[in-house]
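All residue numbers refer to positions in the sequence shown, counting from 1.
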Amino acid sequence: MIPSKVTIYEVGARDGLQNEKGVISTDVKVEFIRRLVAAGLPIVEATSFVHPTWVPQLADAADVMAALGDAGKDLPVLVPNERGLDRALELGLKHIAIFGSATETFAQKNLNRSLDEQFAMFEPTVTRARAAGLDVRAYVSMCFGDPWEGSVPIEQVVSVGKRLFDLGASQLSLGDTIGVGTAGHVKDLIGGFVAAGMHVDDLAMHFHDTYGQALANTFSALQEGISTYDASAGGLGGCPYAKSATGNLATEDLVWMLNGLGIETGVDLAAVVETSVWMAGHLGRPSPSAVVRALAAG
């Protein structure tokens with residue numbers, strides 16, 4: 001049964017900007033977030049408290065959150081470990097996300113931990129966050145394929161994903177980090193999690209459009225009952241530790257399709273398009289989103 005309402009989890013300000021080479025000012029980031037919230041996006045992930053050596057673009061995370069003031073306290077931030085959690089707690093934030101890997105190689109490259117060691121790193125972070133009353137989301141990357149290891153067995157993804165979720169997360173986002181997923185694979189992966197005892201309401205999908213399959217994959221997930229989708233305004237994004245990871249599913253392309261299906265999102269499409277055109281001006285290049293290009297030209 002296709003859901004009648006979908007929640008779009010906007011990742012443009014974090015996942016979208018983290019791979020940008022040119023320096024984006026704190027003021028522009030703050031304005032970007034404010035515009036996305038004003039466009040009716042129900043969840044806007046603001047930044048990441050990762051060490052600036054790893055992701056220099058987000059080195060101003062604390063400044064961004066401070067500039068947002070009270071409005072920023074309801075916005076999720078990515079935290080890699082307990083140090084990141086400390087910074088979130090100092091700012092009075094209410095929602096954090098952790099970011100795990102379904103494969104050994106990416107765990108080593110992205111987390112400097114083995115596949116098994118990552119859980120020991122995340123456990124105290126999640127335990128402390130929950131004790132402090134914070135909501136925790138868990139991402140698991142490389143769910144469909146890994147540039148170093150190739151295809152990833154569904155049972156391996158399910159095992160890693162469930163372990164991350166069972167640490168105390170409220171939602172598990174399944175990432176097609178390099179965009180190799182297909183509609184059939186999406187159906188099988190969701191089926192694997194359901195067979196392992198997880199409910200579709202506990203799952204979200206995070207698609208990249210490397211092979212142009214993000215919308216087809218979204219439709220496949222809709223047919224399985226998934227009602228939360230990560231997307232990035234203007235199709236911004238990639239992953240600094242996976243060179244074959246191109247842009248995220250564009251928020252505008254997703255909203256256009258969902259509108260056509262009569263699925264409620266609460267998102268003002270024109271406002272998101274206007275925001276993406278504005279951000280493209282700051283980045284010095286046009287948006288890769290087909291819907292942004294079409295509507296902006298019209």
List the steps, then state whether side chain to side chain contact (heavy atoms under 4.5 Å, CB included) holds for Leu269 with Glu252.
CA-CA 6 Å; Leu269 178 59; Glu252 296 87 348; 3.9 Å; yes

Step by step, would you call Leu249 with Asp209 a side chain to side chain contact (heavy atoms under 4.5 Å, CB included)?
CA-CA 6 Å; Leu249 167 61; Asp209 208 29; 5.7 Å; no

Before you tell me yes or no, could you show the steps for Arg137 and Asp230 under salt bridge (Lys or Arg N to Asp or Glu O under 4.0 Å), namely the whole-Å CA-CA distance, both residues' side-chain angles and the distance that decides it to 0.1 Å?
CA-CA 12 Å; Arg137 184 188 218 223; Asp230 300 356; 2.7 Å; yes

Chi angles and distances behind the side chain to side chain contact (heavy atoms under 4.5 Å, CB included) call for Val186, Ile226
CA-CA 11 Å; Val186 169; Ile226 303 293; over 6 Å; no

Quick one: do Gln118 and Val140 satisfy side chain to side chain contact (heavy atoms under 4.5 Å, CB included)? Show the steps, please.
CA-CA 11 Å; Gln118 67 179 331; Val140 57; over 6 Å; no

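Taking the side chain to side chain donor-acceptor pair (under 3.5 Å) definition, one finds that Ser170 meets it with Asp135, sequence neighbours left out.
Side chains of Leu17 and Lys29 form a contact here, defined as non-hydrogen atoms less than 4.5 Å apart. Proximity of Phe193 to Val158: side-chain heavy atoms (C-beta onward) are separated by under 4.5 Å at one or more points. Residues Leu222 and Leu261 meet the side-chain proximity criterion, which asks for heavy atoms closer than 4.5 Å. Thr103 places none of its side-chain heavy atoms less than 4.5 Å from the side chain of Leu115. When side chains are defined from C-beta on, Met205 does not count as touching Ser173, because their heavy atoms never get closer than 4.5 Å. The closest side-chain heavy-atom distance from His282 to Ile24 is not below 4.5 Å. Between Leu68 and Arg34 there is a side-chain heavy-atom pair separated by less than 4.5 Å. Contact of the Ser4 side chain with the Glu264 side chain is not registered, since no non-hydrogen atoms from C-beta on lie closer than 4.5 Å.
For the residue pair Ala88 and Ile96, the shortest heavy atom distance occurs at CB-CG2, 4.1 Å. Annotation for Arg130 and Ala169: closest pair NH1-N, 4.4 Å, computed over non-hydrogen atoms. Scanning all heavy atoms of the two residues, the minimum distance from Leu189 to Cys143 falls at CD2-CB, 4.0 Å. Nearest heavy-atom pair across Ile8 and Thr251 is CG2-CG2, 4.3 Å. Closest heavy-atom contact between Val267 and Gly40: CG2-O, 4.0 Å. Annotation for Ala250 and Gly235: closest pair CB-N, 3.5 Å, computed over non-hydrogen atoms.
In this structure a side-chain-to-backbone donor-acceptor pair under 3.5 Å is present from Asp176 to Gly181. Looking only at distances, a side-chain donor or acceptor of Glu149 sits under 3.5 Å from a matching main-chain atom of Thr105. A donor-acceptor contact shorter than 3.5 Å is absent between the side chain of Asp15 and the backbone of Gly237. A donor-acceptor pair under 3.5 Å is formed between the side chain of Asn217 and the backbone N or O of Gln213. The backbone N or O of Ala102 lies less than 3.5 Å from a partner atom in the side chain of Gln156, making a donor-acceptor pair. Formation of a donor-acceptor pair under 3.5 Å by the Thr125 side chain with backbone atoms of Glu82 is found in this model. Checking side-chain atoms of Ser276 against main-chain N and O of Gly234 turns up a donor-acceptor pair under 3.5 Å. The main-chain N or O of Gly22 is found under 3.5 Å from a side-chain atom of Gln57 such that the two form a donor-acceptor pair. In terms of modelled atom types and a separation under 3.5 Å, the side chain of Asp268 and the main chain of Ala39 share no donor-acceptor contact. Side-chain N or O atoms of Ser141 include one that pairs as donor or acceptor with a backbone N or O of Gly100 at under 3.5 Å.
With respect to Phe144, the ring pair (Phe, Tyr, Trp, His ring centres under 6.0 Å) criterion is satisfied by exactly one of His208, His185, His206: His185.
Side chains of Ser101 and Asn110: no donor on one and acceptor on the other come within 3.5 Å. Under 3.5 Å, the side chains of Thr53 and His51 contain a donor-acceptor pair of N or O atoms.
Within 6.0 Å of the CD atom in Glu274, the count of heavy atoms belonging to other residues, nucleotides or ligands does not exceed 12. When the shell of 6.0 Å around CZ of Arg83 is examined, it contains 12 or fewer heavy atoms from other residues, nucleotides or ligands.
Distance check: Phe32 CZ to Leu236 CG gives 5.5 Å after rounding to the nearest 0.5 Å. Remark: Leu167 CG to Thr127 OG1 distance equals 7.0 Å, nearest 0.5 Å. The distance from the CG atom of Leu58 to the CD atom of Gln18 is 6.5 Å, given to the nearest 0.5 Å. Note: Ser289 OG to Trp256 CH2 = 11.0 Å, rounded to the nearest 0.5 Å. Note that the CG atom of Asp188 and the CD1 atom of Ile154 stand 4.5 Å from one another [nearest 0.5 Å]. Taking CD1 of Ile43 as the start and CD of Gln171 as the end, the distance is 6.5 Å to the nearest 0.5 Å.
Arg113 forms no cation-pi arrangement with Phe122, by the criterion of a distance under 6.0 Å to the ring centre and an angle within 45° of the ring axis. Figure legend: Arg87 and Phe49 shown without cation-pi pairing, the cationic atom not lying both under 6.0 angstrom from the six-membered ring centre and within 45 degrees of its axis.
The existence of a salt bridge linking Asp166 and Arg163 is excluded, since no basic side-chain nitrogen approaches an acidic carboxylate oxygen closer than 4.0 Å.
Following chains of ILVMFWY side-chain contacts shorter than 4.5 Å, one cannot reach Val28 starting from Val23, and the two form parts of different hydrophobic clusters.
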